[in-house]
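Below: the structure, in structure tokens.
All chains are named by letter (A, B, ...) in the order of the sequence lines, taking the proteins before the strands, and each is independently numbered beginning at 1. We use all heavy atoms of the structure for the numbers below, so side chains are in, but hydrogens, waters and symmetry mates are not.
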Amino acid sequence: MALLEVKNLGISFGGLRAVNAFDIKIEKGQLYGLIGPNGAGKTTIFNLLTGVYKPDEGSVILDGVNITGKKTIEINKAGIARTFQNIRLFKDMSVLDNVKVGLHNHHVYSTVEGIFRLPRYYKVEKEMNEKAMELLRVFELDKEADTLAANLPYGKQRKLEIARALATNPKLLLLDEPAAGMNPNETQELMKTIRFVRDHFDMTILLIEHDMKLVSGICEKLTVLNFGEVLCQGETKEVLNHPEVITAYLGE
Amino acid sequence: MKKMSKVTKNNLITYAMVIAAYIVMEILLKTGHVSSLLQGLLVPLCTYVILAVSLNLTVGILGELSLGHAGFMCVGAFSSALFSLTTKEAIPNGGLRFLIAILIACVAAAVCGVIVGIPVLRLKGDYLAIVTLAFGEIIKNLVNAIYLGIDSKGFHFSMKDTISLNLEPEGKVLIKGAQGITGTPHSSNFTIGVILILITLIIVNNLVHSRTGRAVMSIRDNRIAAESIGINITKYKLIAFTLSAAMAGVAGALYSHNLATLTALPKNFGYNMSIMILVFVVLGGIGNMRGSVIAAVVLTLLPELLRGLSDYRMLIYAIVLIVMMIFNWSPAVLDMRKKLAAKLKKNQTEKEA
């Protein structure tokens with residue numbers, strides 16, 4: 001059974017049909033790409049999958065659980081984590097604290113235990129620190145643990161966002177244009193990071209990207225979106241050579 | 001681990017400063033170096049410090065501008081004063097009575113915090129500020145219109161006047177509308193005030209550096225991202241807001257038990273008060289608890305210390321406000337301060353080497 005199975009997903013904003021009859025099936029461990037021209041509805045699909053928008057019709061099944069129309073936090077608890085096209089870090093918090101917020105629902109003690117510093121506070125905080133540092137080491141951010149997130153260079157902010165998403169222990173990771181604003185060297189490094197995340201955490205990844213080098217370099221399967229509808233779906237090589245895709249997206 | 005100790009050290013410095021200031025003040029009091037005017041200012045001073053720290057939780061940590069903090073203080077002040085007045089005979093132990101009164105003030109203000117918070121926290125920025133401002137004014141005016149009396153049959157309540165309470169001849173009027181509450185036992189003192197300041201500081205500092213505090217700050221920094229990693233926005237906003245209100249209620253209890261007659265005037269529970277507390281917070285640094293304490297103390301004492309200058313008093317107050325604001329927030333000055341600090345550090349390391 002597929003990890004994520006989306007059927008006939010659709011949403012309208014007023015008279016605009018933003019997404020129509022969208023189907024996708026992602027197997028566990030896959031690196032899946034979602035591409036399409038600007039305004040094709042890619043980010044809208046991410047917002048539908050993560051509960052930012054409620055779909056007008058269709059269903060989203062994650063690992064056998066129906067999560068259609070659930071709230072964002074419930075969907076996160078069910079196992080979908082995401083990053084954003086325009087980086088959304090907790091800027092005035094340290095790098096370590098950014099990841100620790102991600103661990104919020106997995107390492108629990110009550111507010112009262114926190115205020116009165118009861119034994120469980122120390123125990124759980126220690127676990128959190130260890131877990132968060134482990135994640136930061138994976139992304140080579142451990143030296144910057146005490147830095148404010150806003151003071152990190154751009155590439156590292158992207159990495160931190162992925163680390164924070166992984167801290168919520170998801171089954172599926174959604175990356176929204178992870179290479180946006182990166183130079184070729186940084187993109188190369190990012191490709192390595194994404195592959196590493198998949199192998200090291202045994203993660204399933206769905207990503208939106210415009211950088212064709214990155215897409216053809218790491219994605220195993222692709223879905224091409226145009227005007228809110230699926231244009232083509234399949235193995236990366238086949239899809240990128242499909243004549244309709246070349247016309248619609250890459251230019252003739 | 002290194003960071004934890006840094007945070008703890010920072011907090012301990014704040015606590016030590018408060019205790020040191022207390023000891024110095026006590027010595028001055030014992031040796032009779034403090035004017036009676038300043039003596040009268042000590043308990044209100046403690047009240048303002050608690051209010052500033054608690055408002056900083058809403059403004060600095062939760063990141064929402066609240067202009068109704070005096071309203072919560074008002075709720076705490078009147079509920080606790082009412083309790084102390086009615087149980088004056090029933091609980092002869094003054095300390096115990098005051099402790100219960102503080103707890104009642106805390107709970108009453110917290111309940112108001114929840115009631116106001118549920119609708120208000122759906123708003124953002126200016127809108128939230130306006131609604132909290134309205135809340136503060138409503139509470140003040142409501143308290144001014146309440147008449148409450150007690151006799152052998154129990155409590156009598158009216159919104160009109162004392163006569164319409166229909167009290168028995170030996171009945172007692174507790175709240176006399178705009179004349180407020182008279183005869184609250186004088187239970188507050190400087191020592192209790194300082195203890196309450198310390199408790200407030202410890203609660204806020206511990207909260208900020210806990211799981212709950214991080215969740216609250218993540219909402220402040222980016223609501224959408226916080227939601228995407230499974231933070232319950234409403235819950236944590238409400239926790240922070242309620243806690244802030246509860247501590248303002250405690251400040252109210254401290255304030256009311258220092259006055260023989262408690263009335264809700266614009267001066268003590270109105271808009272001006274809310275703004276004054278906000279000035280303490282902004283001046284001391286948003287999110288900086290130690291700064292709030294210092295700003296509250298300096299700005300409360302300043303007008304009194306400048307009393308000799310009579311006419312120029314408020315002028316100097318205003319200038320100090322402006323200068324402190326520039327010193328704390330102007331980007332150019334902040335740069336200069338950073339450079340200066342780096343230079344000092346360098347000199348120090350050179351000396352050590």
(request) With a 4.5 angstrom heavy-atom cut-off, could you sort out which part of Leu103(A) is near chain B: side chain, backbone, both or neither? (result) neither
(request) Could you tell me whether the side chain of Leu89(A) reaches within less than 4.5 Å of the side chain of Asn222(B), counting heavy atoms only? (result) no
(request) Could you tell me whether Met325(B) atom CE has more than 12 heavy atoms of other residues or ligands within 6.0 Å of it? (result) yes
(message) Which one wins on heavy-atom pair count under 4.5 Å against chain A: Ile239(B), Ile224(B), Asn205(B), Ile229(B)?
(response) Ile229(B)
(message) So, taking the atom named OG1 in Thr72(A) and the one named CD in Glu227(B), what distance separates them when rounded to the nearest 0.5 Å?
(response) 4.5 Å
(request) Using a cut-off of 6.0 Å, state whether more than 12 heavy atoms not belonging to Glu127(A) lie near its atom CD. (result) yes
(request) Quick one: closest heavy-atom pair of Ala225(B) and Arg164(A), and the distance? (result) CB-NH2, 3.6 Å
(request) Decide yes or no on side-chain hydrogen bond (donor to acceptor under 3.5 Å, both in side chains) for Tyr121(A) and His209(B), but give the supporting numbers first. (result) CA-CA 11 Å; Tyr121(A) 164 85; His209(B) 299 287; over 6 Å; no
(message) Measuring only between side-chain heavy atoms, which start at C-beta, is Leu207(B) closer than 4.5 Å to Thr111(A)?
(response) yes
(message) Show every salt bridge (charged side-chain N to carboxylate O under 4.0 Å, His left out) that has at least one partner inside residues 235-245 of chain B, sequence neighbours left out.
(response) Glu64(B)-Lys237(B)
(request) Flag yes if more than 12 heavy atoms outside Phe13(A) fall under 6.0 Å of its CZ atom; otherwise flag no. (result) yes
(request) Please flag which part of Phe84(A) lies under 4.5 Å from any non-hydrogen atom of chain B: side chain, backbone, both or neither. (result) side chain
(message) Under the side-chain hydrogen bond (donor to acceptor under 3.5 Å, both in side chains) definition, can you give me all pairs with a residue in residues 280-292 of chain B, not counting sequence neighbours?
(response) Asn10(B)-Arg290(B), Thr14(B)-Arg290(B), Asn56(B)-Ser292(B)
(message) What part of Val124(A) gets within 4.5 angstrom of chain B, counting heavy atoms only: side chain, backbone, both, or neither?
(response) neither
(message) Would you say CZ of Arg122(B) has more than 12 non-hydrogen atoms from neighbouring residues, nucleotides or ligands within 6.0 angstrom?
(response) no
(request) Drop me the distance from Lys71(A)'s NZ to Ile233(B)'s CD1, to the nearest 0.5 angstrom. (result) 11.5 Å
(message) Could you check whether atom CG of Asp126(B) has more than 12 heavy atoms from other residues, nucleotides or ligands sitting under 6.0 Å from it?
(response) no
(request) With a 4.5 angstrom heavy-atom cut-off, could you sort out which part of Met128(A) is near chain B: side chain, backbone, both or neither? (result) side chain
(request) Calculate, to the nearest 0.5 Å, the distance between atoms OG1 and CD1 belonging to Thr212(B) and Ile115(A) respectively. (result) 7.0 Å
(request) To the nearest 0.5 angstrom, please state how far the CG atom of Asn206(B) sits from the CD atom of Glu113(A). (result) 13.0 Å
(message) Using 0.5 Å steps for rounding, measure from the CZ atom of Arg214(B) to the CG atom of Leu96(A).
(response) 8.0 Å
(request) Return yes when atom OH of Tyr127(B) has more than 12 non-hydrogen atoms of other residues, nucleotides or ligands closer than 6.0 Å, and no otherwise. (result) no
(request) May I ask you to check whether over 12 heavy atoms, not counting those of Lys54(A), lie within 6.0 Å of atom NZ? (result) yes
(request) Check whether any side-chain N or O of Asn105(A) sits under 3.5 Å from a backbone N or O of Gly230(B) as a donor-acceptor pair, and report yes or no. (result) yes
(request) Kindly give the heavy-atom pair with the smallest separation between Ser228(B) and Asn76(A), and that separation in Å. (result) O-ND2, 2.9 Å
(request) May I ask you to decide if Gly114(A)'s main-chain N or O and Arg211(B)'s side chain share a donor-acceptor pair within less than 3.5 Å? (result) no
